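Here is the naming used below: chain letters follow the sequence lines, and residue numbers restart at 1 for every chain. Predicted model, so just to flag it, every value in this text is computed and none were measured.
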Protein chains: 2
Amino acid sequence: MKLSTRARYALRMMIVFARQSEGKELISLNDVSKEANVSRRYLEQLVIGLKNGALIRGKSGKGGGYTLARPADQIKIRQIVESAIGPINIVDCVLNPENCLKSDVCECRILYQVINNRITGILDSLVLADLVDGSRLNEAVKVLDTAYSNSPAPGV
Amino acid sequence: MKLSTRARYALRMMIVFARQSEGKELISLNDVSKEANVSRRYLEQLVIGLKNGALIRGKSGKGGGYTLARPADQIKIRQIVESAIGPINIVDCVLNPENCLKSDVCECRILYQVINNRITGILDSLVLADLVDGSRLNEAVKVLDTAYSNSPAPGV
DNA sequence: ACATATTCCGATTGAAATACTAGGAGTATG
DNA sequence: CATACTCCTAGTATTTCAATCGGAATATGT
């Protein structure tokens, strides 16, 4: 039940790209690598997903780098995470019920689906711009918390 | 972002114990093993957590077996899952911020905490009795869904 | 008493996912 | 035309997860 480092690095990269994009400049993976203290080679792999998901644009050659493909408030957190680790499904049967012989009578399946829906729901309701701007995030979380009355956010 | 088989087997076992407990009889892991089609040896390991969590009671010797330590409506799903896989924390920094040098300025930490709280919230609000009785579960999910207005349950 | 069915405990192996490294081709720039 | 990048693909290392195994302790029924 862990969020992989792939997903976390992807989020951190996107935050860096978003900050840079305000100045419309390209930022290279070498720079991101230094800033995030993660090997460039590894980031290269993760960035492929973000590119395929059309969240960023890359430009080769000297002076090249990456930039957001669209404004940070139009990029859902879910898109970032799923670009990195694929579709969210905490148990295989949630997306592929045919893989489970008992899916029609399974007592737990509804539970798994509910959890899955909650997770994707949160990721859908937040955007990259929220992560970039702390106060925006706090606001978005507050909205979530009034809708989702139980389990309030921790003291942040 | 998967729920491990440990957790899933633990849930299935607890459902079996719950069904049997209505008749107050003990049920052996051999029987559970046959019913669930999982090796007894493996179930033995998983059952340790459930026992340490005081969710079930075991009795050794011939005719021995396990039974719920308390009524199924007083056992939260969260307790079952956490007995199997330990505390829910999708990212280490959620429970152990001191392990992350940047925890005080990390843009993502709030996000991780929110997701974590949602998951534990759901697991806290459902009990074993809900899983045992399908109609009870549907009811509980419906309640959750009206409170949590977005991301409705799938067509189940 | 004793064979038997069970829980209980710890160690080990096997398999798979994850994290990370590495080489090198292609591409634009100044 | 050297340079600084992206881009693509393969391989290795590490860790986590799943499952197996041997055997001691415990209670039961006969």
Side-chain angles (χ1 to χ4, degrees), chain A residues 1-13 16-17 20 25-34 36-69 81 83-87 89-92, chain B residues 1-13 16-17 20 25-34 36-69 81 83-87 89-92:
Chain A
M1 219 34 187
K2 293 278 186 227
L3 193 66
S4 65
T5 62
R6 290 181 74 87
R8 280 159 25 225
Y9 286 167
L11 285 168
R12 282 168 66 183
M13 275 198 284
V16 175
F17 293 146
Q20 200 72 6
E25 284 186 15
L26 295 172
I27 179 163
S28 75
L29 284 191
N30 263 323
D31 292 347
V32 180
S33 166
K34 281 170 201 156
N37 209 30
V38 179
S39 101
R40 194 201 77 232
R41 293 292 201 185
Y42 192 33
L43 293 183
E44 280 178 4
Q45 292 184 345
L46 307 187
V47 105
I48 292 173
L50 298 173
K51 234 196 118 211
N52 290 342
L55 304 181
I56 58 175
R57 266 193 303 264
K59 188 182 176 195
S60 292
K62 187 170 182 177
Y66 294 96
T67 190
L68 294 188
V81 172
S83 290
I85 61 172
N89 67 137
I90 61 162
V91 178
D92 228 37
Chain B
M1 216 36 183
K2 294 278 185 221
L3 193 66
S4 65
T5 63
R6 288 181 75 88
R8 283 166 14 231
Y9 286 168
L11 285 169
R12 282 168 64 183
M13 274 197 285
V16 175
F17 293 146
Q20 199 73 4
E25 284 185 15
L26 295 173
I27 180 165
S28 76
L29 284 191
N30 265 322
D31 292 346
V32 179
S33 167
K34 280 171 201 156
N37 210 29
V38 179
S39 100
R40 194 200 78 232
R41 294 290 201 187
Y42 191 34
L43 294 183
E44 280 178 4
Q45 291 184 346
L46 307 187
V47 104
I48 292 172
L50 299 173
K51 233 195 118 212
N52 290 342
L55 304 182
I56 58 175
R57 267 192 303 264
K59 188 182 176 196
S60 292
K62 188 169 183 175
Y66 293 96
T67 191
L68 294 187
V81 172
S83 290
I85 62 173
N89 67 136
I90 61 163
V91 178
D92 228 37

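The base of C/dG10 is not paired with the side chain of B/Arg41 by any donor and acceptor separated by under 3.5 Å.
Listed candidates were C/dT21, D/dC17, C/dC8. Nearest to the side chain of B/Ser4 is D/dC17. Ranking C/dC9, D/dT9, D/dT6 by closeness to the A/Ser28 side chain, first place goes to D/dT6. If you check D/dA18, C/dT4, C/dT7 against the side chain of B/Thr5, the one that comes closest is D/dA18. Candidate nucleotides C/dT21, C/dC8, D/dT3 were compared by shortest atom distance to the side chain of A/Tyr42, and C/dT21 ranks first. Considering only the side chain of A/Lys62, D/dT3 comes nearest among D/dT26, D/dT3, D/dT20.
The separation between A/Arg12 atom CZ and C/dA19 atom P is 13 Å, rounded to whole Å. In this structure, CZ of A/Phe17 is placed 8 Å from P of D/dT6, rounded to the nearest angstrom. Atom CG in A/Leu46 sits roughly 15 Å away from atom P in D/dC8 (whole-Å rounding). The interatomic distance linking B/Lys2 (NZ) with C/dA17 (C1') rounds to 11 Å, in whole Å.
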Restricting to nitrogen or oxygen on both sides, can you table the protein-nucleotides 10-12 of chain D pairs closer than 3.5 Å?
unit_1, atom_1, unit_2, atom_2, d
D/dA10, N6, A/Gln45, NE2, 2.8

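Taking five base pairs at each end of the helix from C/dA1-D/dT30 to C/dG30-D/dC1, the local helix axes there meet at an angle of 10°, rounded to 10°.
For the pair A/Gly63 and A/Val47, both in contact range of DNA chain D, the more 5′-proximal nearest nucleotide belongs to A/Gly63.
Between A/Asn89 and B/Lys2 there is a side-chain heavy-atom pair separated by less than 4.5 Å. For the pair A/Val47/A/Leu29, a side-chain contact is recorded, criterion being any heavy-atom separation below 4.5 Å from C-beta on. Side-chain atoms of B/Arg57 and B/Leu26, non-hydrogen and from C-beta on, never get closer than 4.5 Å to each other.
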